[in-house]
Structure formats: structure tokens, C-alpha cells
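Let me begin by presenting the structure, written as C-alpha cells, before commenting on it.
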Amino acid sequence: MDKILVVGCSGLVGGRLMELAACRYELFGTYNEHEIQGKNIYKLDATDRKNTFRLVEKIKPDCVVDVHSLTNLDYCETHPEETWHTNVVGSRNIAEACKNFGCKYIFLSTDYVFDGRKTKKYSEKDKPHPLCYYSKTKAITEYVLTMLDVDHLTIRSSVIYGKGSNSARVNFVLWLISKLKKNESVRVVDDQRSCPTFADNLIEFILALYEKDETGLFHVTGKDCINRYDFSCEVANLFGFDRSLISQIRTAELHQTAQRPSSVDMSVDKAEKAAKMQTLGIKEGLSILKKQIGDRI
Ligand SMILES: NC(=O)c1ccc[n+]([C@@H]2O[C@H](COP(=O)([O-])OP(=O)(O)OC[C@H]3O[C@@H](n4cnc5c(N)ncnc54)[C@H](OP(=O)(O)O)[C@@H]3O)[C@@H](O)[C@H]2O)c1
């Protein structure tokens, strides 16, 4: 049984990965500020190079899945130094520890490395042009990995939603459900399009690509490209909430600090071929989520 270390298992993707992969791998995980309890769980600040190397040396994993990051775009924009250390220096530390101790490194990146000006789907061959600081740190880390000569996989994903087992940060869909459930109205932008990704599907892809010993860059997102308002209406329909609680607004009305791309449609052909799996559309992902959290609605 391969050993996998998940850096950032107190987050959305990391927490779900620990649950879904538990029967197939010997799992180890780390948290930083949001303590979680459990077997093989360690505290790690990835910006601490010594401790990062020490932990990888101690565990000797076959693979490290790096899902650690500062992910709040507006916070990143106003805290560039902290964001640089966490997102770039932290990931480089983990990647170099992997290189040093001979294990595979898997990095989670974002569709926001693109500016959204392309009218067709973005492929892995398209050149990044990030608009905000968070996305810049992700694009830079992608580049650093190619320079480090470490056995690695970079996976770009988009607007991830799911059960969020340990996650301190509520993902968009769970936030929306919690509002609609209380009959609270919400305002959602209709001029940002992306490919919402069901966390469980993303994780199955990560594991399949790892098992097939793939390397390099892959896009793994949901199949449908949709604007945030229409996506919210799909959530309301599927979960049986009142759709009229959702109103449309424009991005400019939100006065967000970090600039977001207006439309990023991702081609997932490369990942689907390599993993021999299909990415899920919105209705499929949300239906599975509904079954998983049905009793909590
Ligand atoms: N969520 C999305 O929509 C989305 C879309 C595209 C790409 N991604 C990428 O996918 C990955 C996972 O995203 P997510 O939504 O699961 O993130 P998340 O829920 O915000 O979790 C982030 C994780 O990073 C950890 N972390 C933060 N600073 C750290 C540090 N200095 N050292 C070690 N760990 C640290 C956090 O630990 P503590 O909470 O314990 O501090 C937490 O476990 C990230 O790389 C993100 O950029 C996410």
C-alpha cells in the first residue's frame, strides 16, 4: 500500500481526500492553523523549510499531495508577502523535500492562471496570464516546479465544491445552501463563468493520474462552463430551494479587491484520456452531493 502525505488536510480538498483514499493508501496529513485530530496527523507550516524536510524524511511517503495554500483571493491581494511565502516558498519547500527524498509531488493550481479573454476552451498549451496576486503565485509555482526537475504533477482546477469534511472555509455551494435553507436572499454575479468542480471527482482524477504515473500539467475541472448566477439557480433547483431568493448582480458592484477573470472554460481532454475517466457535469456533481449531505439540509 502506497504512503501518501496530504499537506493541507484541514482544507476542503485535503479533508475529502483523506476520507476517499483511506481504504486504498496509508495516509498522513497536515494542518497548519486549524487543528484536526486523528491518526497520522501532524502540524506543519510549509514555509518552515526545516520542518517540512523533517516531516517528509520521517514519513517517507511515495507521494505528497500539496493542497496547502492561501486561497482567499482578496486577502491574498492585500497580503502579498504572506501569500508569496505560503503559496510559492511553501510549495517549493515541499517539492524540494520530495526531490530530496525521492517521492512524487502533486500540486493543485487554478484556472485563474488565465485572464479569461480567450473565447475557446483553455488547454494545457495556453500561456498563463494571471490577473490577481493569488493567481500569480500559482502560475509562478507551476513554473518553479518545471525548473526544479522534480517528479511532479500539476493539476489546475476551478471553483471546487463538496462535502468539506474538515474545512474551516465554507465552499460556495455549501454557503449558498446554508443561506437558501434559512430563506435568506443572496446576490450572485452573472458575469463570471467557470467550470465548477465536484471535489470527489477531482480527487478520483488526482489518484488515477498518480496511479498511472503521469507527470506534467493537467486540467481537471467540471464539464460545464457556467456563470455563477446560473450555477446558483441549478443548486436551488436541485436542492429544492426557492430560486427567487437569488438575485443577479455584476462583478463591479461587489468592489472586490482582487480581479477575477470573466470567463474561463477549461479543456479536460488530456486528463480524461490519461486517467481513462470522465469529468462530471454540474447536475451529476450536485446530485451526488445532495445524496451525501441530504440529512443535513
Ligand atoms: N477551492 C477552490 O475553488 C479551488 C479552485 C482551484 C484551485 N484550488 C487549489 O486547490 C488547493 C486546495 O484548495 P482548498 O479549497 O481545499 O483550500 P482550503 O480549504 O482553503 O485549505 C487550504 C489548506 O492550506 C493549509 N495551509 C494554509 N497555510 C499553510 C501553511 N503555511 N503551511 C501549511 N499548510 C497551510 C490550511 O491549513 P489550516 O487551515 O490548518 O491553516 C488548509 O488545510 C489549493 O492549492 C487551491 O489553491 C482551489
Side-chain angles (χ1 to χ4, degrees), residues 5-20 29-38 41-49 51-52 55-56 64-73 75-76 79 81-95 97 105-114 130 132-142 145 153-175 192 194-203 205-206 218-222 228 231 258 260-261 264 266 285:
L5 168 62
V6 181
V7 179
C9 79
S10 46
L12 165 64
V13 179
R16 201 60 193 130
L17 178 46
M18 295 294 281
E19 286 183 346
L20 291 177
T30 75
Y31 64 88
N32 184 34
E33 284 179 357
H34 299 100
E35 183 173 351
I36 50 171
Q37 308 274 339
I41 301 292
Y42 298 86
K43 176 168 169 57
L44 177 72
D45 177 353
T47 65
D48 185 330
R49 187 175 172 86
N51 279 342
T52 303
L55 188 67
V56 176
V64 177
V65 182
D66 177 7
V67 281
H68 104 282
S69 184
L70 287 181
T71 53
N72 180 322
L73 270 64
Y75 181 88
C76 291
H79 297 78
E81 232 173 273
E82 185 187 348
T83 304
W84 176 269
H85 278 282
T86 306
N87 293 7
V88 181
V89 178
S91 287
R92 193 194 66 201
N93 287 341
I94 304 166
Y105 175 75
I106 300 181
F107 174 65
L108 257 280
S109 188
T110 171
D111 57 336
Y112 280 12
V113 295
F114 297 119
C132 68
Y133 197 75
Y134 162 80
S135 317
K136 281 179 192 160
T137 61
K138 291 299 201 179
I140 288 166
T141 306
E142 288 183 2
L145 292 178
L153 253 178
T154 293
I155 294 172
R156 290 184 184 140
S157 197
S158 171
V159 187
I160 302 166
Y161 64 93
K163 230 174 120 197
S165 317
N166 297 319
S167 188
R169 220 174 55 107
V170 179
N171 61 76
F172 178 74
V173 170
L174 294 189
W175 167 81
Q192 284 181 37
S194 56
C195 304
T197 309
F198 183 45
D200 295 17
N201 192 222
L202 166 66
I203 288 160
F205 265 89
I206 295 173
F218 289 88
H219 291 175
V220 180
T221 67
R228 211 52 94 90
F231 180 45
R260 278 90 168 150
V264 185
M266 301 280 271

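Both counts, for ligands and for their atoms, begin at 1 and track the order of listing. Predicted model only: the values in this text are computed from it and were never measured.
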If we set the cut-off at 4.0 Å for heavy atoms, which region of [X] has an atom near ligand 1: side chain, backbone, both, or neither?
| X | value |
| --- | --- |
| Leu44 | backbone |
| Thr71 | side chain |
| Phe172 | neither |
| Thr86 | side chain |

Open item on the list: Does any part of the side chain of Leu12, heavy atoms only, come nearer than 4.5 Å to the side chain of Val170, both counted from C-beta?
Closed with: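 A side-chain contact under 4.5 Å is absent here.
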Task: Heavy-atom check, side chain of Thr30 versus side chain of Leu55, under 4.5 Å - done: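 Yes, side chains in contact.
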Task: ligand 1 contact by Ser109, heavy-atom criterion under 4.0 angstrom - done: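 Contact check Ser109 vs ligand 1: positive.
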Task: Contact with ligand 1 for Tyr134, non-hydrogen, under 4.0 angstrom - done: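 Yes.
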Compute the shortest N/O to N/O distance between [X] and ligand 1 and return yes if it is under 3.5 Å, no if not.
| X | answer |
| --- | --- |
| Gly14 | no |
| Val13 | yes |
| Leu70 | no |
| Tyr31 | no |
| Asn32 | yes |
| Thr110 | no |

Task: For Arg228, salt bridge (Lys or Arg N to Asp or Glu O under 4.0 Å) partners two or more places apart - done: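 Residues passing salt bridge (Lys or Arg N to Asp or Glu O under 4.0 Å) with Arg228: none at all.
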- [ ] Dump the intermediate steps for side chain to side chain contact (heavy atoms under 4.5 Å, CB included) on Thr52 and Leu44, then the final yes or no.
- [x] CA-CA 7 Å; Thr52 303; Leu44 177 72; 3.8 Å; yes
Task: Heavy-atom pair of closest approach, residues Gly14 and Val6 - done: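 Closest approach of Gly14 to Val6, heavy atoms only: CA-CG1, 3.8 Å.
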Open item on the list: Tell me the closest heavy-atom pair linking Lys163 and Leu174, and the distance in Å.
Closed with: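 Where Lys163 meets Leu174 most closely, the heavy atoms are O-CD1, 3.5 Å.
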For [X], take its heavy atoms, then give the atoms of ligand 1 lying under 4.0 Å from any of them.
| X | value |
| --- | --- |
| His34 | 38 (P), 39 (O), 40 (O), 41 (O) |
| Ser10 | 36 (C), 37 (O), 38 (P), 39 (O), 40 (O), 42 (C), 43 (O) |
| Ile160 | 1 (N), 2 (C), 3 (O), 4 (C), 5 (C), 8 (N), 48 (C) |
| Val159 | 3 (O), 5 (C) |

Closest candidate by heavy atom, reference [atom], pool [options]:
| atom | options | value |
| --- | --- | --- |
| atom 11 (C) of ligand 1 | Thr52, Leu108, Ile155 | Leu108 |
| atom 26 (N) of ligand 1 | His68, Lys138, Glu33 | His68 |
| atom 22 (C) of ligand 1 | Ser157, Ser69, Ser158 | Ser69 |

Open item on the list: Using the side-chain hydrogen bond (donor to acceptor under 3.5 Å, both in side chains) definition, which of the options Arg156, Lys138, Glu142 pairs with Ser109?
Closed with: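 Between Ser109 and the candidates, side-chain hydrogen bond (donor to acceptor under 3.5 Å, both in side chains) is satisfied uniquely by Glu142.
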TODO: Among Thr141, Thr71, Thr137, find the one that has a side-chain hydrogen bond (donor to acceptor under 3.5 Å, both in side chains) with Asn87.
DONE: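 Single pass found, and it is Thr137.
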For [X] and [Y], indicate whether the former's side chain and the latter's backbone hold a donor-acceptor pair under 3.5 Å.
| X | Y | answer |
| --- | --- | --- |
| Asn93 | Ala46 | yes |
| Thr154 | Phe107 | no |
| Thr197 | Ser158 | yes |

